[in-house]
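Within every chain, numbering begins at 1; the chains are lettered A, B, ... in the order of the sequence lines, protein sequences first and strands thereafter.
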Protein chains: 2
Amino acid sequence: MDIRRQVGLNVQRIRRSRGWSQEELAFESGLHRTYISGIERGARNPTVTVLKELADALGVSAASLLELEQPIQSRS
Amino acid sequence: MDIRRQVGLNVQRIRRSRGWSQEELAFESGLHRTYISGIERGARNPTVTVLKELADALGVSAASLLELEQPIQSRS
DNA sequence: GTGTGACTCGGAGTCCGTC
DNA sequence: AGACGGACTCCGAGTCACA
């Protein structure tokens, strides 16, 4: 699993659990809407400071955005 | 606490627990010696892919490099 | 509401060195 | 062994128009 993809999945999952659109997360984090889109798709390679800004906006720790919490991986 | 400083402290702590020099970690991770130095000092702003490379070399999860865990090693 | 290509520009990342 | 600086290349940060 590419780490960028993992970050994207985590951001998207937590954002949706907040009931936010990408535009709302962009506003809360101070980042650009299309940049959020790129991160969620795993197309961008964010720095740790960007990770922190996203984590703060989402109300989670920066570390949690890197965690691989898909416990069920019966197949590749 | 600046997130870059936090990453630096974590990398340095885990590297030393392995008994490695910065040059050894640089070799193991495939990154440059001076870049490792900059990261440990909190002067650099690494990307998530770099974080993953460091984590793999150190044998820990990428998330653990972002965590704010000072386990209070009371100098056994 | 989101995906995508393309753009500028500053910083990520490397390599040389000195202390 | 490690901090730190200068100079370099190239990619990430940040943005836009458009689909």
Novice: Would a 4.5 Å heavy-atom cut-off, applied to side chains only, mark A/N45 and A/I39 as touching?
Specialist: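 The answer is no; the side chains never approach within 4.5 Å.
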
Novice: Quickly work out the B/E53 CD to C/dG13 P distance and round it to whole Å.
Specialist: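 Checked: the CD to P distance equals 8 Å.
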
Novice: Could you tell me whether a side-chain N or O of A/N10 sits under 3.5 Å from a main-chain N or O of A/E67, the two making a donor and an acceptor?
Specialist: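 It does hold such a pair.
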
Novice: Assess whether one donor atom and one acceptor atom, taken from the side chain of B/T34 and the base of D/dC4, lie less than 3.5 Å apart.
Specialist: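 No.
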
Novice: Can you tell if the side chain of A/V50 reaches within under 4.5 Å of the side chain of B/V48, non-hydrogen atoms only?
Specialist: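 When only atoms from C-beta onward are counted, B/V48 and A/V50 do not touch, as no gap falls below 4.5 Å.
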
Novice: Of the listed nucleotides (D/dC16, C/dC16, D/dA3), which one gets closest to any side-chain atom of B/Q22?
Specialist: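 The closest nucleotide is D/dA3.
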
Novice: Nearest whole angstrom, please: distance from the C1' of D/dA3 to the NE2 of B/H32.
Specialist: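 My rounded result for the distance is 14 Å.
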
Novice: At 4.0 Å (heavy atoms only), tell me whether A/E23 reaches a base, stays on the sugar-phosphate, or touches nothing.
Specialist: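 Base: the residue A/E23, judged by heavy atoms under 4.0 Å, touches a nucleobase.
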
Novice: Just checking, any donor-acceptor pair under 3.5 angstrom between side chains of B/S37 and B/R33?
Specialist: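 No donor-acceptor contact under 3.5 Å links the two side chains.
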
Novice: Below the 4.0 Å mark, does C/dT4 have OP1 or OP2 next to a side-chain nitrogen or oxygen of A/R33?
Specialist: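 Answer is no, no contact under 4.0 Å.
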
Novice: How many Å lie between CZ on A/F27 and P on C/dG1, as a whole number?
Specialist: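 Rounded to whole Å, this separation is 15 Å.
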
Novice: Minimum heavy-atom separation for A/L51 and A/V7, please, with both atom names.
Specialist: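 For A/L51 versus A/V7, the nearest heavy atoms are CD1-CG1, 3.8 Å.
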
Novice: Looking for any heavy atom pair under 4.0 Å, which part of the strands does B/R16 touch: base, sugar-phosphate only, or nothing?
Specialist: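 Result for B/R16 = nothing.
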
Novice: Walk me through whether B/R13 and B/L9 qualify under side chain to side chain contact (heavy atoms under 4.5 Å, CB included).
Specialist: CA-CA 6 Å; B/R13 174 173 48 81; B/L9 290 174; over 6 Å; no

Novice: Taking 4.0 angstrom as the limit, do A/E40 and A/R15 come out as a salt bridge?
Specialist: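 Yes, A/E40 and A/R15 are salt-bridged.
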
Novice: Using side-chain heavy atoms (C-beta onward) and a distance below 4.5 Å, is B/L66 in contact with B/Q6?
Specialist: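 Counting from C-beta outward, B/L66 and B/Q6 never come under 4.5 Å.
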
Novice: Send over the distance from A/L31 CG to D/dG12 C1', rounded to a whole Å.
Specialist: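 My rounded result for the distance is 13 Å.
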
Novice: Are B/I36 and B/S29 close enough that some pair of their side-chain heavy atoms sits under 4.5 Å apart?
Specialist: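 Yes, at least one pair of side-chain atoms sits under 4.5 Å.
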
Novice: Looking at every strand, decide which applies to B/R4 at a 4.0 Å heavy-atom threshold: base, sugar-phosphate, or nothing.
Specialist: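 No contact.
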
Novice: If an axis is fit to five pairs at each end of the helix from C/dT2-D/dA19 to C/dC19-D/dG2, what is the angle between the two, to the nearest 10°?
Specialist: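 Angle reported: 40°, given to the nearest ten degrees.
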
Novice: At a heavy-atom distance below 4.0 Å, what parts of residues 35-51 of chain B sit against DNA chain C?
Specialist: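 Contacts with DNA chain C under 4.0 Å: B/Y35, B/R44, B/N45, B/P46, B/T47, B/V50.
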
Novice: Strictly below 4.0 Å: does A/Q12 bring a side-chain N or O up to OP1 or OP2 of C/dT2?
Specialist: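 Checking C/dT2 against A/Q12, no side-chain N or O comes under 4.0 Å of OP1 or OP2.
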
